[in-house]
Amino acid sequence: MHDVVIVGAGPVGLFLACELGLAGCDVLVLEREPEPRSPWKADPLGMRGLSAASVEAFYRRGMLHPLLKASGVDDDPGADEPAPPRGVGHFAGMMLDPAKVDVAALPFRLPSPVMEGVMTNLEAVETVLSERAAVLGVEVRRGVTVSAIAQDDEIVVARAGEHEYAARWLVGCDGGRSAVRGLAGFDFVGTEPQFTGYVALAAIADPGKLGPGFNLTPTGMYLQMPADGHVGMMEFDGGAFDRSQRPTREHLQAVLRRVSGTDVTLSEVHLASSFTDRAMQTTTYRQGRVLLAGDAAHIHSPLGAQGLNLGIGDAMNLGWKLAATVHGHAPDGLLDTYTRERHPIGAWVLDWTRAQTAVMRPGSHAQTIQGLIRDLLGTRDGTTYVFEKVSGSSIRYDLGSEQPLVGRNAPDLRLEDGTRLGDLTQDGRGVALDFSVDRRLHDSAMGWASRIRYAAGPARDDLGFGAVLVRPDGIVAWAGDRTPDREAFERAAGHWFGSPSSQAPPEIG
């Protein structure tokens with residue numbers, strides 16, 4: 001009997017496994033693929049962009065430098081000044097200019113070792129997470145295909161071949177074609193595709209006929225990446241070319257010629273795959289003792305590169321809540337806040353990708369809208385707005401507070417002695433930062449010492465607050481003024497961390 005069985009050893013499943021392992025849960029990960037390596041995970045096909053919010057998640061668990069090393073990033077992120085945005089992505093193939101981002105307008109921004117984003121690949125991400133999971137005692141079994149799920153009020157059992165795996169909870173992180181989602185009976189609703197997209201690694205006889213980067217055309221879009229032969233294309237055929245069909249060289253060449261308006265020749269195709277912009281989401285992320293995270297809970301087109309980041313956000317939000325439930329100290333309803341907080345974020349990402357699809361459709365109406373969007377992206381306000389969205393800095397959960405910091409990802413607050421919030425979050429507990437002169441929250445915080453780490457002292461920049469309470473996922477649960485209200489702090493601590501206990505406290509400062 002395990003505490004949690006996770007189905008799927010991709011980045012989302014592994015990140016969640018690390019969160020649960022860090023909290024002392026017994027975790028088993030089942031993965032259908034027999035080997036971790038794949039050309040679809042390495043460069044160039046496995047390239048992915050991690051947003052600032054995702055990079056922050058690695059930073060808060062002490063995995064930032066291993067991630068940068070595995071990703072081949074040589075920069076040593078500065079920590080004394082907020083890093084200026086460098087690569088800020090695109091909207092519907094229209095690139096954003098990082099110089100137009102109004103850094104001063106970004107909410108509650110402080111200097112941090114976290115970069116604004118990192119280009120990496122799936123292999124690097126999974127390697128870092130696999131190594132951390134092994135250190136935390138997480139077991140990963142490969143070549144295991146789950147074929148049935150049964151649950152009652154106490155346990156859930158996953159069946160694979162002749163084997164059964166029993167746990168108190170099961171989480172499906174098994175991708176867009178999730179077996180767990182279907183076996184557990186989740187409703188999956190949304191919109192049907194407008195286009196078929198393709199990604200390929202090919203030998204191009206005449207690459208000069210194709211423009212570099214994203215190219216919007218009257219018949220679709222194509223993308224020529226810096227890596228030789230790495231191309232993508234989108235044709236608005238209503239998703240007629242299903243992924244079950246093998247994209248041949250002849251088919252890919254015909255599509256590329258149609259959308260590029262050239263007679264370019266693909267002399268050989270080494271690897272190719274297709275996708276659509278089908279946008280679907282489960283109506284809830286929990287059915288009894290079965291939960292979903294990542295693409296198992298929501299699928300959409302890759303426009304805007306939000307899929308991996310959305311999944312990591314799911315895992316970060318779910319991990320500590322599920323661990324608290326396993327250990328029996330979760331307050332009533334804590335696990336239900338996972339769907340309540342993450343479902344709207346998933347719905348927003350689906351709409352974000354749908355909007356880009358609408359802008360890219362062939363036809364004079366969409367081309368007129370493209371012109372409007374280009375004008376908006378040429379402004380400082382327009383670029384800043386899109387950057388806030390794709391970086392995750394605009395995300396704010398509705399936690400029932402009018403205080404504008406509450407519900408947001410906490411800035412990397414720093415005490416005068418140099419201790420950063422990011423230093424205090426690596427063990428997976430919540431953090432109470434008390435900047436008040438008299439350590440006003442000390443006695444109150446001691447009641448949650450096993451679940452909340454207390455740190456006190458003046459801050460280099462306290463942003464006008466006297467104290468903040470940060471959840472294990474880095475979200476601000478409460479913020480107090482210069483004279484923090486003890487009773488308000490205790491209500492917030494009890495709401496998120498359950499009843500206080502009498503275990504001895506570790507303190508900082």
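Note that the CG atom of L28 and the CD1 atom of I6 stand 9.0 Å from one another [nearest 0.5 Å]. For the atom pair Q367 CD and T217 OG1, the distance stands at 8.5 Å (nearest 0.5 Å). Q306 CD to H298 NE2: the interatomic distance, rounded to the nearest 0.5 Å, is 11.0 Å. Atom CG of L223 sits about 12.5 Å away from atom OG of S260, to the nearest 0.5 Å. To the nearest 0.5 Å, atoms CG (L22) and CG (D427) are separated by 6.5 Å.
Checked against the 6.0 Å centroid threshold, F214 and Y222 do not count as a close aromatic pair.
In terms of heavy-atom proximity, P472 sits nearest to R61 at O-NH2, 2.6 Å. For the pair R380 and A99, the tightest heavy-atom approach, listed with the atom from each and the gap, is NH1-O, 3.6 Å. Closest of all the heavy-atom pairs between D26 and H2 is OD1-ND1, 3.0 Å. In plain terms, the two heavy atoms of L308 and R48 that are nearest each other are CD2-CB, 3.9 Å. Considering every non-hydrogen atom in both S130 and L14, the closest pair reads OG-CD1, 3.4 Å. The two residues V359 and A92 make their nearest non-hydrogen contact at CG1-CB, 4.0 Å.
No side-chain heavy atom of T282 sits less than 4.5 Å from a side-chain heavy atom of D187. Using a 4.5 Å heavy-atom threshold, the side chains of W40 and V199 count as touching. At a threshold of 4.5 Å between non-hydrogen side-chain atoms, the residues K321 and T337 count as touching. By the 4.5 Å heavy-atom criterion applied to side chains, I312 and S51 are not counted as neighbours. A heavy-atom distance below 4.5 Å is not found between the side chains of Q194 and R354. Side chains of M234 and M360 form a contact here, defined as non-hydrogen atoms less than 4.5 Å apart. Between L122 and P11 the shortest side-chain heavy-atom distance falls below 4.5 Å. Side-chain contact between V135 and E131 is absent, with no heavy atoms from C-beta onward closer than 4.5 Å.
Side-chain atoms of E56 and N409 form a donor-acceptor pair, as typed in the model, at a separation below 3.5 Å. For the residue pair Q426/R60, the side-chain donor-acceptor check at 3.5 Å is not satisfied. Defined by atom type and a distance below 3.5 Å, a donor-acceptor pair is missing between the side-chain atoms of Y285 and D314. At a cut-off of 3.5 Å, with distance as the only test, no side-chain donor of S393 or R109 sits close to an acceptor on the other residue. Residues H343 and Y338 bring no donor and acceptor atom of their side chains to less than 3.5 Å of each other. Inspection of the T419 and R414 side chains reveals no N or O donor paired with an N or O acceptor under 3.5 Å.
Using cut-offs of 30° and 60° for the angle between ring planes, the F91 and W352 rings count as perpendicular.
When T425, D423, D412 are each tested for a side-chain hydrogen bond (donor to acceptor under 3.5 Å, both in side chains) with Y59, only one passes: D412. For the side-chain hydrogen bond (donor to acceptor under 3.5 Å, both in side chains) with Y397, the qualifying choice from R340, E341, R342 is R342, the only one to do so.
Taking a cutoff of 4.0 Å between a charged side-chain nitrogen and a carboxylate oxygen, R142 and E33 do not qualify as a salt bridge.
The side-chain tip of R181 points at the ring of F188 from less than 6.0 angstrom away and within 45° of straight on.
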